Q: 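Below are the structure tokens for one structure; questions will follow.
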Amino acid sequence: MYKQLEQRGMSQPPVNVSTLAKMKAEGEPIACLTAYDASFANMVDQAGTDLVLVGDSLGMVIQGCDTTVPVTVEDIIYHTRIVSRGLLRAFLVADMPFMSYSSPEQALENAVRLMQEGGAMMVKLEGGRGQVKIVETLTRHDIPVCAHIGLRPQSVHKIGGFKVQGRDSGQAKKMVEDAVALQDAGADIVLLECVPSEVGQAVRDAVSVPVIGIGAGPAVDGQILVLYDVLGITQGRLPRFVQNFMTEADSLMDACVKYVEAVKNKTYPAPEHCFS
Ligand code: KIV
């Protein structure tokens with residue numbers, strides 16, 4: 001059945017949306033990382049990462065920009081294509097960059113490009129209930145969608161900085177409602193960034209699709225971090241939720257293995273990585 005994988009000497013079937021749903025149902029934490037090239041993609045795959053995201057964070061960690069706003073569809077296609085060559089098992093998600101999904105037609109055209117030219121298996125877009133029409137359109141065309149809520153880095157200039165979201169009860173309630181609306185529109189995964197752990201728990205309880213957190217506390221169904229943060233490459237002041245796994249590792253691969261183990265045995269995130 002998995003002819004290509006057999007040829008590549010791989011016995012485990014690749015992760016797909018059903019695998020992720022099953023992991024949630026069985027309470028197995030989903031370990032996710034970003035990657036931007038074939039070598040690192042292969043390393044995180046071998047380390048046991050379940051889902052790999054070609055994030056528009058590449059604008060910051062690869063291109064040296066201050067935000068993710070300058071990243072283009074061409075950038076994401078290029079990096080997704082080269083990441084896909086390094087993966088054997090992990091599920092590949094590609095980010096839709098800023099203003100690449102401002103109408104259902106534009107979203108559909110660009111999502112198709114990320115899948116056909118890049119090899120993505122799912123696309124990720126930022127936004128709450130305002131994106132319901134876009135998610136419905138992609139879903140109607142059988143394009144799997146990850147809906148990114150909480151802190152939305154593409155809106156940094158509107159928000160006024162990279163800040164914790166959902167700190168007051170009104171905002172938190174709205175975020176839970178957003179997650180439900182996006183799930184009902186067809187989103188297969190919710191990604192929740194930089195919110196108090198209580199909000200992570202509330203979103204997780206409100207939806208039946210997997211909720212992947214980054215700075216969203218321990219109650220969500222999986223964790224994701226930017227690979228360069230995990231490997232201690234990123235310089236400067238880092239968000240509270242980041243852990244540098246290189247400090248206890250003897251190789252880059254070992255750091256990735258330790259991250260996956262920490263997510264699976266729920267020692268990451270620890271209380272010091274969480275907002276309350
Ligand atoms: O762009 C990205 O890498 C992301 C993760 C931080 C979740 O959106």
Side-chain angles (χ1 to χ4, degrees), residues 20 29-37 40-41 44 49-73 75-80 82-83 90-101 110 114 118 120 122-128 131 145-156 159 161-165 175 179 182 187-195 200 203 210-217 220-231 233-234 236 238-245 256 259 263 268-269 273 275:
L20 299 173
I30 303 166
C32 316
L33 279 171
T34 66
Y36 314 99
D37 69 29
F40 276 132
V44 303
T49 307
D50 302 304
L51 180 154
V52 169
L53 169 70
V54 179
D56 58 2
S57 52
L58 70 85
M60 298 170 82
V61 299
I62 304 285
Q63 298 173 336
C65 304
D66 284 339
T67 73
T68 60
V69 171
V71 175
T72 65
V73 172
D75 293 334
I76 298 284
I77 290 174
Y78 170 74
H79 285 278
T80 306
I82 60 177
V83 162
F91 189 67
L92 177 57
V93 183
D95 241 339
M96 299 203 68
F98 178 64
M99 287 302 287
S100 68
Y101 49 100
N110 285 322
L114 297 187
M122 174 179 279
V123 297
K124 174 166 86 61
L125 51 85
E126 297 182 9
Q131 303 296 8
V145 178
C146 170
H148 182 155
I149 60 172
L151 174 62
R152 292 170 287 113
Q154 290 173 12
S155 305
V156 62
I159 300 168
F162 298 101
K163 299 178 191 162
V164 181
Q165 302 294 304
M175 215 175 278
L182 291 159
D188 304 272
I189 294 183
V190 170
L191 191 145
L192 187 56
E193 178 162 355
C194 216
V195 297
V203 170
V211 179
I212 309 296
I214 173 163
V220 290
D221 303 302
Q223 302 291 336
I224 187 162
L225 280 178
V226 169
L227 178 63
Y228 285 29
D229 295 347
V230 167
L231 299 180
I233 296 171
T234 316
L238 295 175
R240 179 190 175 104
F241 54 77
V242 166
Q243 180 174 334
N244 173 359
F245 283 81
C256 293
Y259 165 74
V263 172
Y268 175 82
H273 303 121
F275 306 103

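Whatever order the structure lists them in is the order used to number ligands and atoms, beginning at 1. In this text the structure is predicted, and so the values were computed from the model without any measurement.
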Q: Hey, what's the ring geometry for F275 with F241, parallel, tilted or perpendicular (30° and 60° as the breaks)?
A: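 Plane angle over 60°, so perpendicular.
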
Q: Between L53 and ligand 1, which residue portion shows a heavy-atom distance shorter than 4.0 Å: side chain, backbone, both, or neither?
A: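 Contact part for L53 vs ligand 1: side chain (C-beta onward).
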
Q: Checking contacts here: is it the side chain or the backbone of I214 that comes within 4.0 Å of ligand 1, counting heavy atoms only? Could be both or neither.
A: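 I214 to ligand 1: side-chain contact only, backbone stays beyond 4.0 Å.
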
Q: Under 4.0 Å, heavy atoms only, figure out whether ligand 1 is touched by the backbone of T68, its side chain, both or neither.
A: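 The answer is neither; T68 stays 4.0 Å or more away.
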
Q: To the nearest 0.5 angstrom, please state how far the CG atom of L231 sits from the SG atom of C256.
A: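 The CG atom of L231 sits 5.0 Å away from the SG atom of C256.
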
Q: Return the closest protein heavy atom for atom 2 (C) of ligand 1 as residue, atom name and distance.
A: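 Ranking protein heavy atoms by distance from atom 2 (C) of ligand 1, first comes S57 OG, 3.3 Å.
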
Q: Using a strict 4.0 Å cut-off to heavy atoms of D95, name the atoms of ligand 1 that fall inside it.
A: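 Near D95, the atoms of ligand 1 are 1 (O), 2 (C), 8 (O).
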
Q: Is there side-chain contact between R240 and V164, with heavy atoms separated by less than 4.5 Å?
A: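 Answer no - side chains too far apart.
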
Q: Could you list which atoms of ligand 1 come closer than 4.0 Å to a heavy atom of G55?
A: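 Checking each atom against G55, I get 1 (O), 2 (C), 3 (O).
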
Q: Heavy atoms, side chains only, cut-off 4.5 Å: are I233 and V61 in contact?
A: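 Of all side-chain heavy-atom pairs linking V61 with I233, none is under 4.5 Å.
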
Q: Does ligand 1 have an atom under 4.0 Å from some heavy atom of H148?
A: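 It does; at least one heavy atom falls under 4.0 Å.
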
Q: Answer yes or no: does an N/O atom from D56 fall short of 3.5 Å to an N/O atom of ligand 1?
A: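 Yes: some nitrogen or oxygen of D56 is under 3.5 Å from one in ligand 1.
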
Q: Does any non-hydrogen side-chain atom of E126 lie less than 4.5 Å from one of Y101?
A: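 With C-beta onward as the side chain, the pair touches.
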
Q: Identify the heavy atoms of T49 and A31 that sit nearest to each other, and give their distance.
A: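 Smallest heavy-atom distance, with atoms named: CG2-O, 3.3 Å.
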
Q: Which atoms from ligand 1 have a heavy atom of T34 less than 4.0 Å away?
A: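 Result: 3 (O).
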
Q: Can you pull out the closest protein heavy atom to atom 8 (O) of ligand 1? Residue, atom name and distance to 0.1 Å, please.
A: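 Of the protein heavy atoms, K124 NZ, 2.9 Å lies nearest.
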
Q: How about M60 and Y228: do any of their side-chain heavy atoms sit closer than 4.5 Å?
A: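 In short, these two side chains do not touch, never coming nearer than 4.5 Å.
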
